Number of protein chains: 2
Amino acid sequence: MSECNTRRPVSLLDVAKAAGVSRATASLVLRQSPLVADKTRLRVVEAMQSLGYIYNRGAANLRRNRTGTIGLVLNNIGSPFYSALMAGVDEVNEDGSVVTLVANSVDSPDRQIRQIRRLREHNVDGIILCPAIGSDETLAVELARLDLPCVQALRHVELLGGDYVGADYRSGIEKAVRHLVGSGHRRIVFVGAMALHSAARERNEGFRHATGLHGLEGGLVVAGGPDNVYDVAAFDRLLKTRNSPDAAVCYNDVIALNVMNRLRSLGRQPGRDFAVIGMDNLPQAAGAFPALTTIDTRPHEVGRKAAALLQKRIAQPGLANGEHIIVPPSLIVRQSCGETSAAA
Amino acid sequence: MSECNTRRPVSLLDVAKAAGVSRATASLVLRQSPLVADKTRLRVVEAMQSLGYIYNRGAANLRRNRTGTIGLVLNNIGSPFYSALMAGVDEVNEDGSVVTLVANSVDSPDRQIRQIRRLREHNVDGIILCPAIGSDETLAVELARLDLPCVQALRHVELLGGDYVGADYRSGIEKAVRHLVGSGHRRIVFVGAMALHSAARERNEGFRHATGLHGLEGGLVVAGGPDNVYDVAAFDRLLKTRNSPDAAVCYNDVIALNVMNRLRSLGRQPGRDFAVIGMDNLPQAAGAFPALTTIDTRPHEVGRKAAALLQKRIAQPGLANGEHIIVPPSLIVRQSCGETSAAA
DNA sequence: CTGTTAGCGCTTTCAT
DNA sequence: ATGAAAGCGCTAACAG
């Protein structure tokens, strides 16, 4: 409060002097070494407290070769979906007392490279990367050059190889289709198809595979794009055809909610004469009207697993050669699916 | 890929040697100093590239006295509300090329202190703090001890003093009440009242003030608590009274959505025979049914302003004595308010 | 314009 | 069980 403001911070050396020991000993106390005599330890600890010593990890990191930090590169910080991932990461990092540096690639490969470089310069011990749309071999080259443990999350680009943690989007979509088929739907459209990244492609495959399996027409697909857009005109046209679909599986919840709104403006009642299923289980899915049936892709869990895997890699570098952890998604049935039984 | 893995990283000294200059000169090149001759600069830059040099900020930070990092302490990383704040912070930090370390206090004062300490040890240049419920003078003492620039965001604890950026919750609630009064409502209840932090208290005050202003009964208040709960039993009782309310202003959107659901189970139609207004303008508000009228508290904007203010403090320490930046909220009218005109 | 020198605050052998 | 000394990779005077 009233103390002189220009003093330099108290260092370990100051503490050591005050306690009448050497810096080395004080350092040992700092790191709970059992080598130090209890009497000495006590003196040092007291000195630290009375001087208001603050550990300087920056300095320590220069010698040890680790910082206790990891980088998290997201495509859209600010989206509830990614923040769930982050919460998962944070949960396990907290235990290991590592701190997370966040960076936003905004789905731009250039920016992604810049962010990764920046994180590397800050000496993060590793990164969790949700690769941006359009990531190419430049990324692979850069990651190799930086010599940085990296686990991919939610999406993965093949040529990076290495570790990946994600949800099983494929089987998620299959579950959705199976459920619809089970309740009598035969004409199911997939809304929001694109092929811009692995998670999108896996959804497509899931739909193609499921329709094949159940002997449905596989061609009922409405294209989508980044930022939760889908081809509304195409969807409208489809609804006017003779054998128009009576159910939609959507790329994600946001699109599903838009589809429900669109249905209403077209005079259809979602959940009554048209079933809708979304994906991700965002908070807004449960509160929607009708409450949205969805595939929970469990981003929080993905975050936890990714963080844990990265910790492992950091602890034992150069171990296995790339691990894939696939979290099984679960179908959450709500009213948008016609089952009027289901309660929110 | 195939290179030896145990080599030590190339340092500035290596670069300097390769370019035939001294470390100091190389360092100048690194920081774009105009003092270096173009010919020399070029040689150095080439050496950096061919050696694959990576700047080590950790080492640099030891000498300069800044790290180019800030800490962001949130109560609930993972909530869309806080992630909007974070996106705002990130936006301005990116420009200034500072990176954000995130920490989660989970609204626990103890944990909050631990997190702040941890961030301080990592030598963040300052922090943006959304103070946890129950923050007391321990926090003030610790912050003073750590000698760390700190701007509070969204909530503020008085005894910290200093900088604060938040929304004008008070006037937000007043706007909501005024709007309801304007469309003929006279019996308005405030749902979710609590006094656990400044943002909550300011909402209460706003309601009290507005009811006074318009000559309404000010006592129609249903208590709430942390984690988006409110006293459902009390709400139900209130609806059964003779002169039961016909409109609710809610602590936030999540509570508002719950209230709408509750109304439906009680046989009332929100937006038709009972107006509901929420607060925050979460993504789920627009997609709800009926679409939720709400007070936008603009967390993204708060994040940007807070980050900018912190930058200023870091650039010129010990300037002014605490600045309050209050972002004006705006009322977003949707169907939950009876205006059947409003389109989503 | 470039080089020399002296640290930043910590950890780590290696002696003792 | 403790201390001496070297060094992590960089920047900041200062001298030329």
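Not measured: the values here are computed from a predicted model.
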Inset, instruction - Please round to the nearest 0.5 Å and tell me the distance separating atom CG of Asn104(A) and atom CG of Leu72(A). - result: 10.0 Å
Inset, instruction - Determine whether the side chains of Asp107(B) and Asn76(B) contain a donor N or O and an acceptor N or O closer than 3.5 Å. - result: no
Inset, instruction - Verify the contact: side-chain N or O of Ser22(B) to OP1 or OP2 of dG3(C), cut-off strictly under 4.0 Å; return yes or no. - result: yes
Legend entry - Nucleotide of dG9(C), dT2(D), dC10(D) approaching Ser11(A) most closely (side-chain heavy atoms): dG9(C)
Inset, instruction - Could you tell me the separation between the CD atom of Gln32(A) and the P atom of dA1(D), rounded to a whole number of Å? - result: 17 Å
Legend entry - 5' priority, DNA chain D, between Ala24(A) and Leu13(B) [closest heavy atom]: Ala24(A)
Inset, instruction - Could you tell me whether a side-chain N or O of Arg155(A) sits under 3.5 Å from a main-chain N or O of Pro131(A), the two making a donor and an acceptor? - result: yes
Legend entry - Nearest-0.5 Å distance that lies between atom CG in Leu148(B) and atom CZ in Arg145(B): 11.0 Å
Legend entry - Spacing between Met48(B) atom CE and dC10(D) atom C1', to the nearest angstrom: 12 Å
Inset, instruction - Whole angstrom is fine here: how far is it from NE2 in His122(A) over to P in dC10(D)? - result: 14 Å
Inset, instruction - Hey, which sits more toward the 5' end of DNA chain D by its nearest nucleotide, Arg41(A) or Arg63(B)? - result: Arg41(A)
Inset, instruction - For Leu62(A) and for Leu28(B), locate the closest nucleotide of DNA chain C by heavy-atom distance; then report the residue assigned to the nucleotide nearer the 5' terminus. - result: Leu28(B)
Inset, instruction - Rounded to the nearest angstrom, tell me the gap between atom NZ in Lys39(A) and atom C1' in dA1(D). - result: 12 Å
Legend entry - Nearest-Å distance for atom pair CG/P, residues Leu30(B) and dT11(D): 6 Å
Legend entry - Thr25(A) vs dG3(D): side-chain N/O to OP1/OP2 distance below 4.0 Å: yes
Inset, instruction - For the pair Arg117(A) and Glu121(A), find out whether any cationic side-chain nitrogen is under 4.0 Å from an anionic carboxylate oxygen. - result: no
Inset, instruction - Would you indicate, yes or no, if dA12(D) has its OP1 or OP2 atom less than 4.0 angstrom from a side-chain nitrogen or oxygen of Ser27(B)? - result: no
Legend entry - Side-chain N or O of Thr40(A) closer than 4.0 Å to phosphate OP1/OP2 of dT2(D): yes
Inset, instruction - Report the distance from atom CD1 of Ile54(A) to atom C1' of dC8(C), rounded to the nearest whole Å. - result: 16 Å
Inset, instruction - To the nearest Å, give me how far apart CG (Asn123(B)) and C1' (dG9(C)) are. - result: 10 Å
Inset, instruction - Quickly work out the Arg64(B) CZ to dA6(C) C1' distance and round it to whole Å. - result: 18 Å
Inset, instruction - Name the closest nucleotide to the Asn56(B) side chain, picking from dT2(C), dG9(C), dC10(D). - result: dC10(D)
Legend entry - dT12(C) OP1/OP2 closer than 4.0 Å to side-chain N/O of Arg31(A): yes
